[in-house]
Amino acid sequence: MSAPGVLSFTQQSWEKVLAKVKRALVYLDAACAESLHWGCGSTRLLEAVGGPECHLREFEPAAVGGGAKQPKAVFVLSCLLKGRTVETLRDIICRSHFQYCVVVTAVNHAVHLTANHVPAAAAAELEGQQPVFEQLEEKLCEWMGNMNYTAEVLHVPLLLAPVAPHLALTPAFASLFPLLPQDVHLLNSARPDKRRLGSLSEVDATALTPELFLQIRCLVSGLSSLCEHFGVREECFAVGSLSRIIAADLANYAPAKNRRKTATGRASVVFVDRTLDLTGATGHHGDNLVEKIISVLPQLPGHTNDVMVNMVELTALQNEEKSQSMVAPGCLAQPKDAAAKALWEALLSTKHKEAVMEVRRHLVEAASRENLPIKMSMGRVTPGQLLSYIHLFKNNLKALVSHCGLLQLGLATVQTLKHPQTAKWDNFLAFERLLLQSIGESAMSVVLNQLLPMMKPLNQRTDNDYSPEELLVLLIYIYSVGGEFTVDKDLGEAEEKVKKALAQVFCEESELSPLLQKITGCDSSIKLTFHKSKIAVDELFTSLRDIAGARNLMKQFKSVYVPGNHTHQASYKPLLRQVVEEIFNPEKPDPVDIEHMSSGLTDLLKTGFSMFMKVSRPHPSDHPLLILFVVGGVTVSEAKMIKDLVPSLKPGTQVIVLSTRLLKPFNIPELLFATDRLHPDLGF
């Protein structure tokens, strides 16, 4: 099926925005900036604005307003136009001289009605009308100081950051993460005794906090627009409790129901909870260069999915820390550079060794085309060799500008290969393999005892030892891959020893990282007593137990662990692989854990009749397009695995992987121990 892709969806959406920005001051929030960054590049926006000056500003309360010679503003926002967001709009406009304001929101007007508590029946009667947007347009004129000035509020679905043709992310929902059993207790605290929830399986949309429900509805609004772009009537499926709520909301979203009546194509959208398999997200078995790059290089400020590449090597400055802050960083996203984009997509789809050779090939070919004095060398690719090729471009401005995207990816590769954390990657991998063998042969208590000698306080650690954050990653890996286990006296004792050791490690840190501050509730190490640290670690282990039991509600996908035998070592089988293999099982049995979400009476009748008549129930392999949405993040290796696996199981099927963010191992503790999972900040 030659369906339109995630890139065309993003670019078409941005073209609607770019049509409005000529000679305007443009204010963007972080999520929209990230969508632009991957979809079109900021240069495309600057071209559309025109003029010699840079007219891009971050949308924030302290943002500088427009001067007397700046009469036009365009605000591009990923969120609902409500509360603090509207206050920030008002403050910026009131301190400016605007006569023409355009506000673009990525959230559909129908969701604004929901956010303003308009009942569904009343909202249905308003079809074609946009009272919330019209009221804001009046307010904008009021704030500009003249009701005859021009104000426009419109919805454009700026949902995605397209990383590759097969992979796109949703920056505005980077914090969205599936619920854990402990969240059920928090939800129950706001419910009367008679309506208390027994487990995650009982949680539906009505049980969620208003903020989390609206966050899901905003996501559903964007996904419905994506399906409209594809021209498909989608069937929604889910694996996991939060996925079930999102899939049900998309299936029953009123604007989507109207859209499906005229759609000619068909697609399956399968949502999967990340928490069902955190092994893949915390493990180091992904033999992929990009995974290592995003794990070791510093994050690009304001972004969740790109990194900073130090570009000082291409200048005459010394490569020192102060020089790095003087030169703008490079990055991985190169949407406007065809050669760099081709290399990027090759890096996403190849193993580490081939990827490094591909970087060398691209650099050699670029240098040859520019007639630079290149010295060929065969054999193993080294960081020094790659750097020598990159240095050839240093004093040739024309060549440097022509191949700037390629040089950024080349430097990202060099800096990753030389990074001390990359050497540690293999240590992690070796220990994870050892753990896999131990889990099959020993009790959980023995596995935890193997971790004890590695828990060293700061004054005893060398560069090869594990930091507190790295120990958390290993613990999450152990509890996720091990799954449900029997709690006995030995395990209780082993856990207690690990808890004490970990609490001591936390206490002896000279400085608490942002993650440790979040976990312990202390903003400095001086305030962290052993007692406080131990309470925090006890809570942390409650989360680890939740992770171990995450697949308890599954009937088929109960394990990601494959025990060893006399011919094969024990191994990890990703849950996403199991889901895809089950979707395309040639015998096509009714999926046990892949739940179909009905979108109305017809679907319910089909499901009911299928119990006693030969009526085929919807199956996720029925359609030529499969959209797999991982709620809580996906790794580069997982996306590659799905892209390669689907055509091998059912040739001709197009697959697109969507997720809330691109994951590296350290993201998981941050997401898992976030305190605002049930109360996301929606800007109001």
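Remember, predicted model here, so these are calculated numbers, not experimental data.
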Find out whether the Lys NZ or Arg CZ of Lys499 is both under 6.0 angstrom from the six-membered ring centre of Phe541 and within 45° of the ring's axis.
-> yes
Who pairs with Glu47 by side-chain hydrogen bond (donor to acceptor under 3.5 Å, both in side chains), at least two apart in sequence or on another chain?
-> none
List in chain and number order the residues that pass side-chain hydrogen bond (donor to acceptor under 3.5 Å, both in side chains) with Thr10, two or more places apart in sequence or in another chain; answer none if no residue qualifies.
-> none
What pairs with Glu469 under side-chain contact (heavy atoms from CB on, under 4.5 Å), at least two apart in sequence or on another chain?
-> Ser467, Ser513, Leu515, Leu516, Phe666
Is it true that the side chains of Thr462 and Asn464 contain a donor and an acceptor less than 3.5 Å apart?
-> no
For Ser659, the side-chain contact (heavy atoms from CB on, under 4.5 Å) test, sequence neighbours excluded, returns Leu169, Val630, Val634
Sequence neighbours left out, what passes side-chain contact (heavy atoms from CB on, under 4.5 Å) with Asp523? Give chain and number order.
-> Gln517, Lys527
Please name all residues satisfying side-chain hydrogen bond (donor to acceptor under 3.5 Å, both in side chains) with Arg433, sequence neighbours left out, ordered by chain then number.
-> none
With a 4.0 Å cut-off, would you call Glu365 and Arg360 a salt bridge?
-> no
Of the options Arg274, Lys643, Arg577, which is the one that meets Glu638 in a salt bridge (charged side-chain N to carboxylate O under 4.0 Å, His left out)?
-> Arg274
Ring pair (Phe, Tyr, Trp, His ring centres under 6.0 Å): pairs with one or both residues in residues 336-376, sequence neighbours excluded | Trp38-Trp344
So the ring pair (Phe, Tyr, Trp, His ring centres under 6.0 Å) pairs with at least one residue in residues 275-301 (sequence neighbours excluded) are His284-Trp425, His284-Phe428, His285-Tyr572
Residues pairing under side chain to side chain donor-acceptor pair (under 3.5 Å) where one sits in residues 332-343, two or more places apart or in two chains, turn out to be Gln334-Gln408
Cationic N near anionic O, under 4.0 Å, Lys573 to Glu581 = yes
Does the Thr422 side chain pair with the main chain of Lys418, one donor and one acceptor, at a distance under 3.5 Å?
-> no
Could you tell me whether the side chain of Ser559 and the main chain of Tyr561 form a donor-acceptor pair under 3.5 Å?
-> yes
Tell me, please, which residues at least two apart from Asp426 pass side-chain contact (heavy atoms from CB on, under 4.5 Å).
-> none
Look at the side chain of Asp273 and the backbone N and O of Ser243, then say whether any donor-acceptor pair between them is shorter than 3.5 Å.
-> yes
Name all pairs fulfilling the ring pair (Phe, Tyr, Trp, His ring centres under 6.0 Å) condition that reach into residues 393-424, sequence neighbours left out, sorted by first residue then second.
-> Phe393-His403
CA sep, side-chain torsions, deciding dist, call: Ser525, Glu511, side-chain hydrogen bond (donor to acceptor under 3.5 Å, both in side chains) | CA-CA 6 Å; Ser525 54; Glu511 210 174 303; over 6 Å; no
Can you tell me which residue pairs pass the salt bridge (Lys or Arg N to Asp or Glu O under 4.0 Å) test with a partner in residues 386-399, sequence neighbours excluded?
-> Glu370-Lys398
